[in-house]
Structures are given as structure tokens and as C-alpha cells.
Amino acid sequence: MNFFQYRGSELCAEEVPLSRIADQVGTPCYVYSLATLRRHYRVFDDAFGAVPHLVCYSVKANSNLAVLRAFAREGSGFDIVSGGELHRVLAAGADPRKIVFSGIGKTRDEMAYALREGILQFNVESAAELDALDDAAREAGRKAPVALRVNPDVDPKTHPYISTGMKKSKFGIDIRRALEEYERARTLSHLEVVGVDCHIGSQLTDVAPFRDALSRVRGLVLDLRARGFDVRHLDFGGGLGITYDEETPPEPRDYAAALLGDGLDKLGVKLLLEPGRVIVGNAGILLTRVLYRKDTETKKFVIVDGAMNDLIRPALYGAYQEIEPVKRSGRAAAVVDVVGPVCESGDFLAKDRELPETLPGELLAVRSAGAYGFVMSSNYNSRPRAAEVLVDGAAYHVVRARETLDDLVRGETIPETLR
Ligand SMILES: *Cc1c(COP(=O)(O)O)cnc(C)c1O
């Protein structure tokens with residue numbers, strides 16, 4: 001459930017008509033609903049209320065400071081994948097003791113930064129990284145709390161680009177080699193083994209792959225215990241999907257019930273969860289204005305001011321994003337491609353989509369754009385990145401200013417010899 005709804009013929013974010021935001025802030029522009037962000041966080045957190053757990057919101061899904069602050073206020077932890085994300089969550093007021101650090105390519109500097117801040121856990125993804133972290137911790141005069149991210153070899157049945165827990169994937173350590181690496185970790189003097197981690201993919205719409213992964217990881221926890229490891233955390237990653245089109249993903253409570261029902265509640269671990277998309281995905285839209293219409297012999301194009309540099313999911317994954325007119329007109333529908341101004345044929349927001357006829361100057365809302373939207377945006381074609389707006393009841397706040405033309409060339413210099 002989300003708070004983007006029509007009031008009469010006007011699509012609103014909570015109590016604010018989207019047309020007002022477009023007129024005052026300009027387009028393209030991301031709009032997030034604070035009530036939706038909070039609701040999604042609470043529903044997810046409550047679903048695991050029966051067991052000791054910590055929700056570590058996956059920052060990469062949407063890393064705007066205001067969004068991070070809203071979650072920090074809810075008591076959320078954070079799952080980060082870079083030093084940049086660590087900087088962001090600290091700036092947003094995160095408790096370092098609630099931060100887990102994932103990713104296969106942590107640099108020494110990033111490790112040192114996270115060690116200095118005293119984060120909760122490093123999710124280590126290779127033997128080489130284990131050695132590097134031990135080294136970094138020695139240098140920092142600390143012990144690094146470690147979980148190994150294991151690859152349970154489960155097919156999450158999602159898009160190949162966001163499948164991460166299969167044997168051929170670059171992520172994690174083969175679960176069959178995990179014991180060996182845990183034994184080695186225990187001999188490294190500046191590491192402290194605290195848990196087990198896995199994350200099998202994103203946009204999963206079925207609980208079966210989660211359950212398969214869990215049963216394998218659970219087996220590993222028991223094996224480790226038998227060898228005297230003090231396994232305190234089971235980090236089960238993120239990946240729960242949302243409805244973009246006609247998917248029917250499990251509700252958080254069904255997801256939680258499936259996991260807990262499989263004996264997780266009796267494992268005696270603190271459960272860490274790293275949801276991203278399920279919390280923020282449907283809490284945001286991309287607001288865009290129609291520039292032109294162009295009918296060719298075979299196609300009708302609606303050319304809008306938002307493009308693949310603003311929202312790359314359709315171009316990158318062939319992803320479906322619902323599109324709705326901001327003002328219902330009652331006009332007849334036609335099948336159109338909604339495309340942006342970028343000079344690539346892959347620059348589309350929708351293909352062969354039935355939409356009510358829209359005229360230049362009118363607004364469209366691209367739904368489900370709160371996750372992997374702005375964060376994946378770029379300056380391709382020298383397009384300033386869009387503004388981000390957070391709606392709170394009847395008020396709204398610009399939480400990231402639209403980039404300016406000067407922003408586009410900031411940091412670039414022309415060498416003396418070319419002057
Ligand atoms: C991307 C990612 C997540 C979040 O995935 P969602 O599908 O957005 O829930 C969680 N953990 C790790 C390690 C990730 O890479």
C-alpha cells in the first residue's frame with residue numbers, strides 16, 4: 001500500500017497534488033512519500049517482531065540523506081556497500097553499531113574507515129578479502145567483526161543481472177568451502193567471527209528460493225556451532241520483490257512467517273535483514289512532462305523530459321514501470337512508446353504501452369521509482385540530475401536540488417597546454 005493516490009482526477013503524493021510539485025520544482029523530478037517509507041519500514045520490521053532481529057536498510061536502493069534519516073529515526077540499521085554509503089549514513093545520523101558492510105571489492109581505505117567508526121559487521125566475500133581485512137584491522141589496532149557471505153547456489157528466478165546466489169555468480173563464498181574459510185578466519189588474530197551472511201538476489205516474488213537458501217545456511221550455522229564457533233548473527237540479506245506490474249510477491253509477514261517457520265526462530269541467532277526495494281520501491285515516483293508527440297508509420301511516440309539517465313531500469317533490465325497521467329483526462333487510450341531525449345534507442349520508459357492520450361505540457365507519473373531510480377541516475381548526454389522531493393502530509397521538501405549547468409562541469413579543467 002502506498003500514498004500516491006488520485007483525489008478526484010489529480011494524482012497526489014499524500015495530500016500534495018503532483019502538478020503543484022512539477023510547477024514549483026520542475027521536471028523531471030523524483031517524489032517520495034514519507035508516510036509510505038515509514039509504513040513500509042514498520043510493516044517489515046513488525047513482521048519479524050517475534051525474534052531478535054535488526055533491519056539493516058540496504059542503502060544502495062535509495063541513498064538520499066532525508067530518506068536515510070527517516071529510517072535512522074525508526075531505529076533502522078543500514079547495509080552499506082561502499083565508503084561513500086558509510087559517509088552518507090553517518091551524515092544521516094546512523095548508529096555505527098547498526099551498520100553492516102557488504103560487497104566483494106572493499107578497498108583498504110574503506111575497511112579502515114569502517115573499522116574506525118566501529119561498525120557492527122563486515123560481510124566478507126572472499127579468502128583474499130579475509131586476509132586484507134585482518135591486515136587492515138591490525139593496522140587500526142582493532143578486531144574486525146566478520147561474517148562470511150556464503151553462496152548457497154540457489155536460483156532466485158529473477159533477472160540475471162540481479163541474481164547473486166548462484167554458483168557462477170561473483171558474490172559470496174561457495175557454501176561447500178565455507179567451513180574451511182571459517183576455520184582459517186579463526187586463526188587470523190584481528191578477526192572475530194560473529195556470524196553467517198547470504199543474499200541471493202533481488203526482486204524475488206516467491207518464498208521458495210529464500211527457503212532453500214535458508215535451509216542451507218541454517219545447516220552451516222549448526223556445523224559452525226558444533227565446531228565451537230560463537231555464531232551470533234544470521235544475516236539473510238534482502239531481495240524481497242514488489243509489484244511493478246502483475247507480480248504477486250509475498251507480503252513481508254508471509255516472508256517472515258516462511259523463514260521463521262523453517263526453524264529460524266529456534267536457531268538462537270540475531271537475525272539481520274537487508275531489505276531495500278521492498279521498503280522504498282513503491283514509496284517513490286518519477287514525475288515527467290510530455291514534450292512532444294511523434295507518430296511514425298509504425299509507432300506512436302510520447303517524448304518526455306525524463307530519460308534513461310534519470311531512470312535506467314527499463315533500459316537496463318527491460319523493466320516494467322507503471323505510468324499514469326497526473327491528471328485523468330478521460331481521453332481514449334492508445335498504444336505508445338514513452339521515450340526520453342537521450343540519443344540511444346534504448347532510451348525508453350515504456351514500450352508498447354496502452355496509455356490515455358497525453359498532450360505536450362501534461363504530466364506523467366512513472367510509478368515504483370523509489371528504488372534503484374535516482375541512485376542509478378547519471379549525467380549522460382550532459383543532463384543535470386533530477387531534483388528529489390520528500391512529501392510529508394500536506395507539505396513537501398526539496399531534499400536534493402536539481403543539478404545546475406555549472407554542476408555538470410564542476411571538477412573538470414582544461415590543461416595549460418590547451419589554453
Ligand atoms: C542490493 C542488496 C540488498 C538489497 O536488495 P533488495 O532487492 O533491494 O532488497 C541487500 N543486500 C545486499 C548485499 C545487496 O547487494
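One-based numbering, in listed order, for ligands and for the atoms of each. In this text the structure is predicted, and so the values were computed from the model without any measurement.
- Nearest to atom 14 (C) of ligand 1 among the protein's heavy atoms is Lys60 NZ, 2.8 Å.
- Close approach of ligand 1 to Glu274 is summarised as follows: ligand atoms under 4.0 Å from at least one heavy atom of the residue are 3 (C), 4 (C), 9 (O), 10 (C), 11 (N), 12 (C), 13 (C).
- Of all the heavy atoms of His199, the ones lying under 4.0 Å from any atom of ligand 1 belong exclusively to the side chain.
- Counting atoms of ligand 1 from 1 in the listed order, those under 4.0 Å from a heavy atom of Gly276 are 6 (P), 8 (O), 9 (O).
- Closest to atom 4 (C) of ligand 1 among all protein heavy atoms lies Ser58 OG, 3.2 Å.
- If you look at Pro275 next to ligand 1, the close heavy atoms, those under 4.0 Å, all belong to the backbone.
- Taking every non-hydrogen atom of Arg149 and a distance limit under 4.0 Å, the qualifying atoms of ligand 1 come out as 13 (C).
- Residue Ser202 has at least one nitrogen or oxygen atom sitting less than 3.5 Å from a nitrogen or oxygen atom of ligand 1, judged on distance alone.
- A salt bridge links Asp131 with Arg184: at least one charged nitrogen is closer than 4.0 Å to a carboxylate oxygen.
- Residue contact annotation: Gly239 has a non-hydrogen atom under 4.0 Å from ligand 1.
- Counting atoms of ligand 1 from 1 in the listed order, those under 4.0 Å from a heavy atom of Asp79 are 10 (C), 11 (N), 12 (C), 13 (C).
- Between the side chains of Asp305 and Thr288, at least one donor N or O lies within less than 3.5 Å of an accepting N or O.
- Close approach of ligand 1 to Arg277 is summarised as follows: ligand atoms under 4.0 Å from at least one heavy atom of the residue are 6 (P), 8 (O), 9 (O).
- Near Ser102, meaning under 4.0 Å from any of its heavy atoms, are these atoms of ligand 1: 13 (C).
- With Glu403 contributing its side chain and Arg385 its backbone, the two residues share a donor-acceptor pair below 3.5 Å.
- Both the sub-6.0 Å distance and the 45° axial angle are not jointly satisfied by Lys106 relative to the ring of Phe122.
- To the nearest 0.5 Å, the span separating CD on Gln121 from CD on Glu192 amounts to 10.5 Å.
- Checking Tyr396 against Gln24 by side-chain atom types alone, a donor-acceptor pair falls below 3.5 Å.
- Taking CG of Leu188 as the reference point, atom CD of Glu181 lies at 9.0 Å (rounded to 0.5 Å).
- Neither the backbone nor the side chain of Thr164 comes within 4.0 Å of ligand 1, counting heavy atoms alone.
- Electrostatic pairing of Arg289 and Asp23 counts as a salt bridge here, judged by a charged N lying under 4.0 Å from a carboxylate O.
- Relative to the six-membered ring of Tyr244, Arg313 meets both conditions, a distance below 6.0 Å and an angle of at most 45° to the axis.
- Heavy-atom separations between Tyr372 and ligand 1 include at least one value shorter than 4.0 Å.
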